[in-house]
Amino acid sequence: MARLEGRAVIVTGAAQGIGAAYAKAMAAEGAKLALCDVVSCEPVVEIIRQAGGQAFSAHCDVTDAAQVGELVARTERDYGGVQGLVNNAALFKGIPMTRFENITSADFDRIMTVNVRGSFECIKAVLPVMKRQGYGKIVNVASGTFFKGTPMMAAYVTSKGAVVGLTRCIAREVGEFGIRINCIAPGLTMSEAVRDNPEWADAMISANTASRAIRREEEPADLTGTMTFLISPDSDFMTGQTILVDGGSAMH
């Protein structure tokens, strides 16, 4: 039996890159997917359906509580519940690398709103469903930069540190309801957001790769096994944890 058979899982930021990789991998394990983004996820949905899986696409701004609520309601209505939530949506592409004193207040607020409050809104929306079920798996997405204090990215790194803190606090509050919430922290991953960003020069990517114990570039597929594990019953006695998947660049 597939590891995620019968589980309905919401994946935010699923139109491309790492989010799309998560969705396709979980569909292959039997999950029923609700995919959302601010752009269409239909190309990913079509790939999943052609492979025999179940998925639908929804436009959703994760900072809009009403839109998130509609997504959760549709998922429960179409699939009979919500067993999993992957909070992947975040601002990364297009964020300039700059010294702390050059970050504007508006940019700081924008990054924190999407990367932190977006996860907050999605968690808040699924908790009533998961409490009724007496079960749920939530996975937040942080970043390996949080463990390094990566310079020139202070707003982004701060937002991902806040995601780790949010994960730990909520884990303490929802364990009694059978809900587990964990966090995955990817290293620098060769998604579209990195490959298309001129800020990430070849020399910087090479230096990051050289810092790893496993000295190669990280691909989205390197993260899907850990994500599937965290959504599956295999991790039912884990909560409040952050798993760093970066080839051994940072260790904790």
Side-chain angles (χ1 to χ4, degrees), residues 3-4 7-14 18-19 22-23 25-26 29 31 62-63 65 68 72 75 81-90 92 111-150 156-187 189 218 222-252:
R3 295 166 72 195
L4 304 182
R7 295 189 175 217
V9 183
I10 296 170
V11 183
T12 70
I18 298 172
Y22 290 149
M26 288 189 288
E29 289 288 346
V62 295
T63 68
V68 173
V72 172
T75 305
V82 182
Q83 286 75 38
L85 166 66
V86 176
N87 277 316
N88 176 70
F92 176 75
I111 292 166
M112 294 296 287
T113 297
V114 176
N115 294 5
V116 185
R117 191 162 66 77
S119 293
F120 163 84
E121 297 290 1
C122 292
I123 295 167
K124 194 171 182 181
V126 300
L127 282 183
V129 180
M130 291 182 173
K131 285 182 178 181
R132 288 198 301 271
Q133 296 168 167
Y135 185 86
K137 306 298 284 287
I138 299 170
V139 183
N140 293 328
V141 179
S143 168
T145 59
F146 168 68
F147 294 92
K148 296 180 176 182
T150 302
Y156 177 80
V157 176
T158 299
S159 74
K160 291 304 186 176
V163 168
V164 173
L166 191 67
T167 301
R168 293 175 179 177
C169 291
I170 297 173
R172 295 284 186 189
E173 295 186 19
V174 301
E176 64 182 291
F177 303 105
I179 302 168
R180 291 82 164 167
I181 176 168
N182 292 291
C183 200
I184 185 171
T189 304
E218 182 167 2
D222 292 315
L223 296 158
T224 59
T226 303
M227 180 59 72
T228 299
F229 165 72
L230 290 174
I231 292 292
S232 80
D234 296 343
S235 58
D236 274 359
F237 203 56
M238 284 180 59
T239 195
Q241 305 304 307
T242 299
I243 301 178
L244 180 59
V245 185
D246 71 346
S249 179
M251 299 184 184
H252 73 108

Practice problem: Check whether any side-chain N or O of R180 sits under 3.5 Å from a backbone N or O of D236 as a donor-acceptor pair, and report yes or no. | Solution: yes
Self-check item: Contacts of type side chain to side chain donor-acceptor pair (under 3.5 Å), residue T63, not counting sequence neighbours
Solution: D61
Any idea which heavy atoms bring [X] and [Y] closest together, and the distance?
| X | Y | value |
| --- | --- | --- |
| T224 | Y22 | CG2-N, 4.1 Å |
| A142 | C183 | CB-SG, 3.5 Å |
| N88 | G13 | ND2-O, 2.9 Å |
| F229 | R3 | CA-NH2, 3.6 Å |
| Y135 | I179 | C-CG1, 4.4 Å |
| V68 | A125 | CG1-CB, 3.6 Å |

What donor-acceptor contacts under 3.5 angstrom involve side-chain atoms of residues 244-252, with partners at least two apart or in another chain?
residue : atom : partner : partner atom : Å
D246    : OD1  : G248    : N            : 3.0
D246    : OD1  : S249    : N            : 3.2
D246    : OD2  : S249    : N            : 3.4
D246    : OD2  : A250    : N            : 2.8
S249    : OG   : K148    : NZ           : 2.5
S249    : OG   : S211    : OG           : 2.6

Is [Y] close to [X] at the side-chain level, that is, under 4.5 Å between some pair of heavy atoms?
| X | Y | result |
| --- | --- | --- |
| L230 | M238 | yes |
| L4 | Q83 | no |
| I123 | L166 | yes |
| N182 | I243 | no |
| S235 | K137 | yes |
| P186 | M227 | no |

Quiz item: Hey, which of I231, I181, I138, V72 is the one that makes side chain to side chain contact (heavy atoms under 4.5 Å, CB included) with L85?
Solution: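 Of the listed residues I231, I181, I138, V72, the side chain to side chain contact (heavy atoms under 4.5 Å, CB included) partner of L85 is I138.
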Practice problem: For the pair T189 and D222, evaluate side-chain contact (heavy atoms from CB on, under 4.5 Å) and give the outcome as yes or no after the intermediate values. | Solution: CA-CA 9 Å; T189 304; D222 292 315; over 6 Å; no
Quiz item: Which residue pairs pass the side-chain hydrogen bond (donor to acceptor under 3.5 Å, both in side chains) test with at least one member in residues 157-176, sequence neighbours excluded?
Solution: N115-S159, N140-T167
Practice problem: For V174 and M130, run side-chain contact (heavy atoms from CB on, under 4.5 Å): C-alpha distance rounded to whole Å, both residues' side-chain angles, the deciding distance at 0.1 Å, then the answer. | Solution: CA-CA 10 Å; V174 301; M130 291 182 173; over 6 Å; no
